[in-house]
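A quick write-up on the structure given underneath.
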There are 2 protein chains.
Amino acid sequence: MARRTKAEAEATRESLLDAAEAVFYEKGVARASLREIAHTAGVTRGALYWHFEGKADLFQSMLERVHMPFEELVEAIPDEQRAEGHLDEIRLACLQAIDRLERPQYKRVHAILLHRCEFFADINPVGMLAELSREAVAATLPRFEAARSAGELRPGLSAEDANQLLHATLRGLIHGWHLDTSAFSLAETGSRLVDQWFRLVSADG
Amino acid sequence: MARRTKAEAEATRESLLDAAEAVFYEKGVARASLREIAHTAGVTRGALYWHFEGKADLFQSMLERVHMPFEELVEAIPDEQRAEGHLDEIRLACLQAIDRLERPQYKRVHAILLHRCEFFADINPVGMLAELSREAVAATLPRFEAARSAGELRPGLSAEDANQLLHATLRGLIHGWHLDTSAFSLAETGSRLVDQWFRLVSADG
DNA sequence: TACAAAACATACATCCATGTATGTATAATT
DNA sequence: AATTATACATACATGGATGTATGTTTTGTA
């Protein structure tokens, strides 16, 4: 086929990523063929290999579209929700994360990352999840320490333990939700449990 | 090759399951070939197809070797650890689970189930995880309700919420550990966090 | 002791995925 | 206006995996 304009090329790139999301979600990454992804995007494998080096590169690029660093979550806290203390700021950021995880694209990509891909070639989803986890853990720890210094944390509970417990709880909550997203609503049940958790670890809970 | 005795046949079946564990763990389920599994077990695909219907059946059979129902965990609580109340019984059972999850076979199979398999053909690992989860949640709920009635639970915390929080925390803890099993020891860090958790939710914590 | 089925190994047919090489029309550049 | 690189499509070469059919001993059994 003929050469397309730059904007058109970018559009095919995006549609390839969209198609990858759909096909990865439906078939799993390993059983998804590049042929089907290209076909879903309305192009051929030629286009795919032009924009990406292969399945691994495609997968990686797909993930980069949904990265959400903790600081971004903090900034995304709406103005009407004013944080009362350090603990409360973490809580509100968690609620922001929960809110985003229910959005279709995040949900689908997360489902792929959690249950629809095995490590392959250069891409190691376990390592990627581990990296994201470390990033999040490192971002919240100083806030828990600040909360500790301010006396917001329950006596006998260290900042490190509270931090690890929070991430374990969130991770488990999200994984559990992804086991059956129709079983409960993240927005409702999830945020209620998160609120309960913060009440349990706060000094005046 | 010639017909083997019944005992020998059972031995090859077991060695095929062992090989499946090893190859699934190394390559992931989707990229693991039955040829390599058979070769690792020291036989050919003929033997594999004799004992199992295919990869799905092999996978399923592999999982059945490591199932651990909650009641079994309760019974496995050593005599020197006497449970003080309902909450404490749940706690001790959790510690039993943690203990088992560090054993090589459980650890490997769990790693496969969590991060090294995609759903395929008739087998749906997400559904299987969901089923195991439901089973565990259903097993602990009545105990939390008993704890609630006995006044062991923190005021303002329902049995349902406590139950969901526990399973979220455990699931997150285990998933997090599997992201990098060298990062921390489940036996040490895990049981410390579990103890902390039960302290947080208990009325006299 | 004979025989049928067990417990595999071997061979074959089929299919599909990946990677790369090559073709091609057009957008961008000079 | 001519040229070049772009943005793909098409074609080809290769390889490996699955499923099944068929062989081959030997074991359990009647």
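Every chain is numbered from 1 and lettered A, B, ... according to where its sequence line falls, protein lines coming before strand lines. If you're wondering where the values come from, they're calculated on a predicted model, not measured in any experiment.
Contact check for B:E152 versus B:S202: no side-chain heavy atoms found under the 4.5 Å cut-off. Considering only heavy atoms from C-beta on, B:Y106 stays 4.5 Å or farther from B:D99 through its side chain. Side chains of A:R148 and A:L157 form no contact here, defined as non-hydrogen atoms less than 4.5 Å apart.
Defined by atom type and a distance below 3.5 Å, a donor-acceptor pair is missing between the side-chain atoms of B:R108 and B:Q105. No side-chain N or O of B:S133 forms a donor-acceptor pair with one of B:H167 less than 3.5 Å apart.
Put simply, the side chain of B:R3 and the base of D:dG28 share no donor and acceptor less than 3.5 Å apart.
Within residues 5-15 of chain B, the residues that have a heavy atom under 4.0 Å from DNA chain D are, in order of number, B:T5, B:K6.
D:dG23 atom C1' lies 19 Å from atom OH of B:Y49, rounded to whole Å. In this entry the distance linking CG of A:L48 with C1' of D:dA9 reads 13 Å, nearest Å. To the nearest angstrom, P of D:dA7 lies 13 Å from CG of A:L16. A straight line from NE2 of A:H39 to C1' of D:dC8 spans 17 Å, rounded to a whole angstrom. We find that CG of B:L34 is positioned 14 Å from C1' of D:dT20, with the value rounded to whole Å. Note: CG (A:L58) to C1' (C:dG19) measures 15 Å, nearest angstrom. Rounding to whole angstrom units, NZ of residue B:K55 and C1' of D:dA17 are separated by 9 Å. Atom-to-atom, CZ of A:R31 to C1' of C:dA17 comes out at 12 Å; the value is rounded to the nearest Å.
Within the 4.0 Å cut-off from OP1 or OP2 of C:dC8, at least one side-chain nitrogen or oxygen of B:H51 is found. Phosphate contact (OP1/OP2 of D:dA7, side-chain N/O of A:W50, threshold under 4.0 Å): present.
As judged by a 4.0 angstrom heavy-atom cut-off over every strand, A:S33 is placed among residues touching the sugar-phosphate backbone only.
Of the candidate nucleotides C:dA17, C:dA6, D:dT18, C:dA17 has the atom nearest to the side chain of A:R35. Closest to the A:T44 side chain, of the nucleotides D:dA9, C:dC8, D:dA11, is D:dA9. Residue A:A47 places its side chain closer to D:dA9 than to any other of C:dG19, C:dA9, D:dA9.
With hydrogens and angles ignored, the 3.5 Å screen pairs no side-chain donor or acceptor of B:T5 with any backbone N or O of B:E8. In this structure, A:K55 contributes its side chain and A:A30 its backbone to a donor-acceptor pair below 3.5 Å.
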